[in-house]
Amino acid sequence: MLIQSISRLLSPSFQSQPLKISALRISTTLSAADTLYDHLQEYTTNLEKDLTSLKVKLDSSCINEVIKRCNPNQSQLGLRFFIWAGTQSGHRHSPYMYTKACDFLKIRANPDLIKDVFEAYLKEECLVSVKTMRIVLSLCSQAKLADEALWVLRKFPVFDLCVDTVAYNLVIRLFADKGDLYMAEKLMKEMDCNDLCPDVITYTSMINGFCNAGKIDEAWKLAKGMSKHGCVLNTVTYSRILEGVCKSGDMETVLELLAEMEKEDCGGFISPNAVTYTLVIQGFCEKKRIREALMVLDRMGERGCLPNRVTASVLIQGVLQNDEDVEDLSKLIDKLVKLGGVSLSDCFSSATVSLIRMKRWEEAEKMFRLMLVRGIRPDGLACTLVFRELCLLERYLDCFLLYDEIEKADVKSTIDSNIHSVILLGLCEHGHSWEAAKLAKSMLDKKMRLNVSHIGNIIEALKKTGDEDLMRRLSTV
DNA sequence: ATAGGGTTAG
């Protein structure tokens, strides 16, 4: 969009064609949304039936556009539309769409919308299916609305629908996460009365809730009772308990539990995985018991369990926080990479990120530069944080030099468009027109959006380079 | 149903 404002500033003669092309592209994607939105405005009865009869091909951008237009004043219509769209065969809302719907329709701030829609369904005698219920429950889950989810659960019989385990699990998880374990447990007991049986997922939500509330005994009691319902304790559930014990700080018990999980006679159902080991390592690091954390890494390696990026970043942070010795860090990184599962890039990037978070900026910059010297490519987060810091310090020329070096190593960009824009603007404002022009070209090559508000300054600086080729390319984006 | 660490796209 702002590239277009650049072309306007640059030379009016170039702008007509590209603008027409993009206008055309927008109008084809909007037509489906137009049809649907217009219909929402006109409906009197049978909204859902009529929407279906329009036979519009649904996709996420069209659904997004419709709910966006319903934004401030027509949230209820927007919600009804979103629910209808989700029930259409051939379309399934992505998790991204659920977050968008919650955002645009302000479901969290206005949870009564859900009840209003159901009232309309009843009044207009709309068909409400299990699929409808599933979509509404997913919305409640996204918006973390436990009470509303329970209200929806209670509406199943009103529409002659049977509640299933998936629906119960969703509501139970919401209450358990909220810390209302009384209600969560009540619902779990209620499942039996509906010929439903709690499964491993139900138990895991409950156990997680009890552990977060510091009630490890209650969590154990549940775990012991799982077999009553034919459920077998597995790695995920057991690791939840172990996590709770870690949080309580009793690392001796944690080691006993870990040993229990490692025993062969459990048939491997609860054998620890990378997440389990990482939780234990994290527990020791938080208690500043780094040596023991490192021993857990060895133990993990002996059992053939590979560390991952989380394991690496937890350990590296632990070592950086507790040791002055650079040797320890490089020994650790060597070991991690030798075990496999993480790369040098993962390790050095993690170290850079940890140092920045610990406000040890000079060491972070050294680490970042060392990485480049050794030909190791920094990951996206490390780049973002380093460039953000350099921009705050107004060291735009350094940004450019580092950027150039990273670009030489590889073509795939790990730096987001906003940072590109900030660096570009900084270079322009500090009179580094040549560098700005080179960065602008690189951005054009990547088809990157230019989202800065100081387009005028950028254009003026770029004009100074007298680079006609660049000007032409900017104007024909 | 599994942790953690930014941003983008859909």
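Each chain gets a letter, A, B and so on, in the order its sequence line appears, and its residues count up from 1. Just so it is clear, the structure is predicted and the values come from calculations on it, not from any experiment.
Within residues 383-401 of chain A, the residues approached by DNA chain B to less than 4.0 Å at the level of any non-hydrogen atom are A:Thr384, A:Arg388, in residue-number order. Of the residues in residues 79-94 of chain A, none lies under 4.0 Å from DNA chain B by heavy-atom distance.
In this structure, A:Lys224 satisfies the cation-pi test against A:Trp220, with its NZ or CZ atom closer than 6.0 Å to the six-membered ring centre and inside 45 degrees of the ring normal.
Looking at residues two or more places apart in sequence or on another chain, you find a salt bridge (charged side-chain N to carboxylate O under 4.0 Å, His left out) between A:Asp147 and A:Lys178. Partners of A:Glu243 by side-chain hydrogen bond (donor to acceptor under 3.5 Å, both in side chains), not counting sequence neighbours, listed by chain and number: A:Arg240. Under the ring pair (Phe, Tyr, Trp, His ring centres under 6.0 Å) criterion, A:Tyr98 pairs with A:Phe82, A:His93, not counting sequence neighbours. By the salt bridge (charged side-chain N to carboxylate O under 4.0 Å, His left out) test, A:Lys221 pairs with A:Glu218, sequence neighbours left out.
Across all strands shown, A:Ser350 has heavy atoms under 4.0 Å from base atoms, whether or not it also approaches the sugar-phosphate. Among the heavy atoms of the strands lying under 4.0 Å from A:Arg309 is at least one base atom, whether or not backbone atoms are also near. Counting any heavy atom pair closer than 4.0 Å across all strands shown, A:Asn208 reaches no nucleic acid atom. Heavy atoms of A:Asn169 sit nowhere under 4.0 angstrom from any nucleic acid atom.
Taking atom CD1 on A:Ile356 and atom P on B:dG5, their separation rounds to 14 Å, with Å as the unit. Atoms CZ (A:Phe368) and P (B:dG6) sit 17 Å apart, rounded to a whole Å. Going from atom OH of A:Tyr96 over to atom C1' of B:dG10 covers 6 Å, rounded to whole Å. A:Lys446 places its NZ atom 16 Å from the P atom of B:dT8, with the value rounded to the nearest Å. Atom CG of A:Leu174 is separated from atom P of B:dA1 by 12 Å (rounded to the nearest Å). A:Asp103 has its CG atom 15 Å from the P atom of B:dA9, to the nearest Å. Atom P of nucleotide B:dA1 and atom OH of A:Tyr203 are separated by 18 Å, given to the nearest angstrom. B:dT8 atom P lies 10 Å from atom CD1 of A:Ile419, rounded to whole Å.
Checking B:dG5, B:dA1, B:dT2 against every side-chain atom of A:Ile201, the shortest atom distance belongs to B:dA1. For A:Asn308, the side-chain atoms get nearest to B:dA3 when compared with the rest of B:dG6, B:dA3, B:dT2. Distance from the side chain of A:Thr237 is smallest to B:dA1 among B:dG5, B:dA1, B:dT2. Here the nucleotide nearest the side chain of A:Ser60, chosen from B:dA1, B:dG10, B:dT2, is B:dG10. Of the candidates B:dT7, B:dA3, B:dA1, B:dA3 carries the atom nearest the A:Val310 side chain, counting heavy atoms from C-beta on. Considering only the side chain of A:Val275, B:dT2 comes nearest among B:dG5, B:dT2, B:dA1.
Within the structure, salt bridge (Lys or Arg N to Asp or Glu O under 4.0 Å) contacts touching residues 179-201 of chain A (residues at least two apart or in different chains) are A:Arg154-A:Glu190. Applying the salt bridge (Lys or Arg N to Asp or Glu O under 4.0 Å) test to residues at least two apart or on different chains, the pairs with a partner in residues 378-397 of chain A are A:Glu365-A:Arg395, A:Arg395-A:Asp398. Within the structure, salt bridge (Lys or Arg N to Asp or Glu O under 4.0 Å) contacts touching residues 280-294 of chain A (residues at least two apart or in different chains) are A:Glu252-A:Arg289, A:Arg289-A:Glu292.
Within 6.0 Å of atom CE in A:Met295, 12 or fewer heavy atoms from other residues, nucleotides or ligands are found, so the atom counts as exposed in its surroundings.
Taking 4.0 angstrom as the limit, A:Arg240 places a side-chain polar atom (N or O) nearer than this to OP1 or OP2 of B:dT2.
The base of B:dG5 sits with one of its N or O atoms less than 3.5 Å from a complementary donor or acceptor on the side chain of A:Asp379.
In this structure, CG in A:Leu320 is found 11.0 Å from CG in A:Leu315, a value given to the nearest 0.5 Å.
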